[in-house]
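Below: one structure, written as structure tokens.
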Amino acid sequence: MPCEPTEPMAKLVFDSLNQHYNHTLDFVEFFDTGSTARVFHVRMPVSRELEMKVDRIVKVFRHDGDVIPHEEALAAYLQEIKSLISISHTNIISVYSAGALQVTDEVRSNFYVMEYLPGACDFDKWIRDHAENLRPDDIIDLLLQAAWGLKALHRVNILHCDIKFGNLLVGSDRRLKIADLGFSKEIRGGEGDTAVHTTLEGLPNKYRSFIEKLSDPRRTLVRI
């Protein structure tokens, strides 16, 4: 029997997700309930014809968020999907499929399935965990991987808008992946103000005078 998450709402969401996939998912780990989504590590069938299962990460957008209204969470989901499917790059997390769950009779939540990076942890945690054996070249290599991923996004006119340690994932093989494009923005050009959402933590001081709305440090509206 597969394990299940213990948090009541996470369990309800996972049950809905498992039902969506005809009860074929194996629960591995529940990572977190963030401001916009719940994140699960699961094993799922490659296809209906094959019994083989693969590790995947499923991000289910919250219908019960206390930071972002449901309509804005949906907009963030759609923007993230649009950004991720517009590009394929070794240093950007890949998305395989997306859909919607019927969590209750009244509530639906959007989700997407993305690649699993073995041993992944946040950039800063990875550095601390490996500090004794790291050389300067190791740090430079990781920063270059982040730069290559950002360059690939910029080539298709997408700004991430929320680069921070928690959105740079480093795997056990030292591959770096840029994740969480919920605040990403497509640049269309033209005159006028540019408004972006980001987290306050990573916002450079020189841009803080442009903050228009700060309802929560995890979602800051900046207009330049």
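Remember, predicted model here, so these are calculated numbers, not experimental data.
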Seminar exercise, completed: Nearest heavy-atom approach of C161 to V196 is SG-CG1, 3.9 Å
Exercise. Is it the case that one hydrophobic cluster holds both M9 and F40, taking links as side-chain heavy atoms less than 4.5 Å apart, direct or via other members?
Worked result: yes
Problem set entry | Q145 side chain to L176 backbone, donor-acceptor under 3.5 Å | yes
Exercise. Quick one: do W148 and L142 end up in the same hydrophobic cluster if we chain Ile, Leu, Val, Met, Phe, Trp and Tyr together by side-chain heavy atoms under 4.5 Å apart?
Worked result: no
Exercise. Mind checking whether I81 and L159 sit in one hydrophobic cluster, side chains of I, L, V, M, F, W, Y counted as touching below 4.5 Å?
Worked result: no
Exercise. Is the F61 ring parallel, tilted or perpendicular to the Y77 ring (thresholds 30°, 60°)?
Worked result: perpendicular
Problem set entry | F165, CZ atom: more than 12 neighbouring heavy atoms under 6.0 Å | no
Exercise. Going only through I, L, V, M, F, W and Y residues with side-chain contacts under 4.5 Å, is there a path from I92 to L78?
Worked result: yes
Problem set entry | Check: D162 main-chain N/O paired with N167 side-chain donor or acceptor under 3.5 Å | yes
Exercise. Do the non-hydrogen side-chain atoms of I211 and L203 ever get within less than 4.5 Å of each other?
Worked result: yes
For this session: Identify the two heavy atoms, one from V103 and one from S16, that lie closest to each other, and give their separation to 0.1 Å.
Result: CA-OG, 3.3 Å
For this session: Locate the shortest heavy-atom distance separating H89 from A152; write the atom from each residue and the value.
Result: CD2-CB, 3.5 Å
Exercise. When you check the gap from the basic side-chain N to the acidic O, do D141 and R174 get nearer than 4.0 Å?
Worked result: no
Exercise. Is the OH atom of Y207 crowded by more than 12 outside heavy atoms at less than 6.0 Å?
Worked result: no
Exercise. Do you know which of H41, K53, R43 makes side-chain hydrogen bond (donor to acceptor under 3.5 Å, both in side chains) with D26?
Worked result: K53
Exercise. Quick one: are I163 and L150 in side-chain contact, heavy atoms under 4.5 Å?
Worked result: yes
Exercise. Taking all atoms of both residues into account, what is the closest heavy-atom pair of L117 and G171, and its distance?
Worked result: CD2-N, 3.6 Å
Problem set entry | Taking every non-hydrogen atom, the tightest pair across L25 and N18 | N-OD1, 3.0 Å
Exercise. Quick one: does S172's side chain have a donor or acceptor within less than 3.5 Å of a partner on P118's backbone?
Worked result: yes
Seminar exercise, completed: Here the gap from L169 atom CG to F123 atom CZ, rounded to the nearest 0.5 Å, amounts to 11.5 Å
Exercise. Is the shortest distance from a Lys or Arg side-chain nitrogen in R175 or D173 to a carboxylate oxygen in the other one below 4.0 Å?
Worked result: yes
Problem set entry | Single-linkage hydrophobic cluster L144~V170, side-chain heavy atoms < 4.5 angstrom | no
Problem set entry | Donor-acceptor under 3.5 Å (S86 side chain, S83 main chain) | yes
Problem set entry | Test side chain to side chain contact (heavy atoms under 4.5 Å, CB included) applied to I187 and H154, step by step | CA-CA 9 Å; I187 300 300; H154 295 170; over 6 Å; no
For this session: Scan side-chain atoms only and decide if D15 and Q19 contain a donor-acceptor pair under the 3.5 Å cut-off.
Result: no
Problem set entry | Shortest non-hydrogen contact between Q79 and S184, atoms and distance | CG-O, 3.1 Å
For this session: Count the heavy atoms belonging to other residues, nucleotides or ligands that lie under 6.0 Å from CD of E29, then report whether that count exceeds 12.
Result: yes
For this session: Quick one: sort the H130 and W126 rings into parallel, tilted or perpendicular, breaks at 30° and 60°.
Result: parallel
Exercise. If we only count heavy atoms from C-beta on, is the V113 to I57 side-chain gap below 4.5 Å?
Worked result: no
